[in-house]
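Accompanying notes for the structure given below.
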Amino acid sequence: METLIKIVLNALAVMAAAYLLPGIAVENFLFAALAALVLALINATLKPLLVILTLPVTIFTLGLFYFAINALMVMLAGWIVPGFSVSGFFSALLFSLIFTAIKFLLDRIFGSEEGKKF
């Protein structure tokens with residue numbers, strides 16, 4: 001049940017971030033949920049590998065390259081999910097920042113008690 005709540009909250013965050021940004025488009029809630037699921041899968045599988053491979057660049061840029069990795073993951077999700085489109089790198093970068101902020105707020109409001117410990 002908690003996984004379903006997380007998917008719904010992430011889909012709401014995708015919808016809200018897409019509403020706020022002109023370069024991101026989501027057709028409906030189903031595609032937002034699919035985009036949230038694909039983003040979660042990409043972040044769980046591909047992102048750790050990219051973080052390790054690009055560690056020297058990330059250290060050299062004092063961690064700023066990590067934002068570029070996040071934007072690339074959003075662009076990949078936009079390429080995979082048909083109803084979720086990303087117009088460019090800068091839109092993906094802003095989406096990742098806004099999505100994270102909205103997701104944090106939604107998790108604090110509606111999330112489990114485990115996430116409210118801190």
Side-chain angles (χ1 to χ4, degrees):
M1 184 68 173
E2 190 171 331
T3 305
L4 181 62
I5 292 171
K6 284 184 180 184
I7 291 172
V8 170
L9 291 177
N10 287 346
L12 287 173
V14 168
M15 292 286 286
Y19 177 76
L20 293 172
L21 294 170
I24 307 291
V26 179
E27 288 185 23
N28 56 33
F29 187 78
L30 179 65
F31 287 116
L34 186 60
L37 186 61
V38 167
L39 280 169
L41 290 173
I42 289 171
N43 283 333
T45 57
L46 187 60
K47 189 174 180 179
L49 178 65
L50 283 176
V51 168
I52 290 171
L53 290 175
T54 62
L55 190 60
V57 176
T58 304
I59 291 171
F60 182 71
T61 61
L62 302 175
L64 292 177
F65 192 72
Y66 192 71
F67 292 117
I69 293 172
N70 285 339
L72 292 173
M73 298 298 103
V74 172
M75 291 178 74
L76 179 62
W79 183 69
I80 293 172
V81 179
F84 177 65
S85 64
V86 180
S87 67
F89 181 81
F90 189 68
S91 295
L93 181 66
L94 288 176
F95 176 85
S96 68
L97 294 172
I98 292 173
F99 172 75
T100 302
I102 294 170
K103 192 172 90 162
F104 174 77
L105 291 173
L106 289 175
D107 284 343
R108 296 299 267 169
I109 295 169
F110 299 108
S112 68
E113 291 300 319
E114 182 179 318
K116 295 181 181 181
K117 287 181 183 176
F118 297 106

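Treat the numbers as computed from the prediction; the structure is a model and nothing was measured.
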To check you understand the geometry: which heavy-atom pair defines the closest contact between [X] and [Y], and what is its length?
X: Ala13; Y: Leu106; value: N-CD1, 4.0 Å
X: Ala17; Y: Ile102; value: N-CD1, 3.8 Å
X: Val81; Y: Ala35; value: CG2-CA, 3.9 Å
X: Ser96; Y: Ala71; value: OG-N, 4.5 Å
X: Leu41; Y: Thr45; value: O-OG1, 2.7 Å
X: Ala11; Y: Ala36; value: N-CB, 3.9 Å

Distance, nearest 0.5 Å, that separates [atom1] of [X] from [atom2] of [Y]:
X: Ile69; Y: Leu64; atom1: CD1; atom2: CG; answer: 11.5 Å
X: Ile52; Y: Thr58; atom1: CD1; atom2: OG1; answer: 11.0 Å
X: Leu53; Y: Leu49; atom1: CG; atom2: CG; answer: 4.5 Å
X: Arg108; Y: Lys103; atom1: CZ; atom2: NZ; answer: 14.0 Å
X: Asn10; Y: Ile5; atom1: CG; atom2: CD1; answer: 12.0 Å

Of all pairs that satisfy ring pair (Phe, Tyr, Trp, His ring centres under 6.0 Å), the ones with a partner from residues 14-71, not counting sequence neighbours: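 Residue pairs passing ring pair (Phe, Tyr, Trp, His ring centres under 6.0 Å), neighbours aside: none found.
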Contacts of type side-chain contact (heavy atoms from CB on, under 4.5 Å), residue Ala18, not counting sequence neighbours: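 Testing Ala18 for side-chain contact (heavy atoms from CB on, under 4.5 Å), a comparison that skips the adjacent residues, returns Ile24, Val26.
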Test side-chain contact (heavy atoms from CB on, under 4.5 Å) applied to Ile42 - qualifying residues, sequence neighbours left out: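 By the side-chain contact (heavy atoms from CB on, under 4.5 Å) rule, Ile42 matches Val38, Leu46, Met73, Leu76, Ala77, Ile80.
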Are [X] and [Y] connected in the hydrophobic side-chain network, where two residues link if heavy atoms are under 4.5 Å apart?
X: Leu37; Y: Met75; answer: no
X: Leu97; Y: Leu105; answer: no
X: Leu20; Y: Val14; answer: yes
X: Trp79; Y: Leu39; answer: yes
X: Ile98; Y: Phe89; answer: yes

Test side chain to side chain contact (heavy atoms under 4.5 Å, CB included) applied to Thr100 and Phe104, step by step: CA-CA 6 Å; Thr100 302; Phe104 174 77; 5.6 Å; no
CA sep, side-chain torsions, deciding dist, call: Leu93, Asn70, side chain to side chain contact (heavy atoms under 4.5 Å, CB included): CA-CA 7 Å; Leu93 181 66; Asn70 285 339; over 6 Å; no
Counterpart residues, side chain to side chain donor-acceptor pair (under 3.5 Å), relative to Ser87 (two or more places apart):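 Scan of Ser87 (side chain to side chain donor-acceptor pair (under 3.5 Å), adjacent residues dropped) gives Ser91.
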Ring pair (Phe, Tyr, Trp, His ring centres under 6.0 Å) partners of Phe95, counting only residues at least two apart: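 Partners of Phe95 under the ring pair (Phe, Tyr, Trp, His ring centres under 6.0 Å) test: Phe84, Phe99.
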Side-chain cluster (under 4.5 Å, hydrophobic types only) that Leu30 belongs to, other residues: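 Listed partners: none, Leu30 stands alone.
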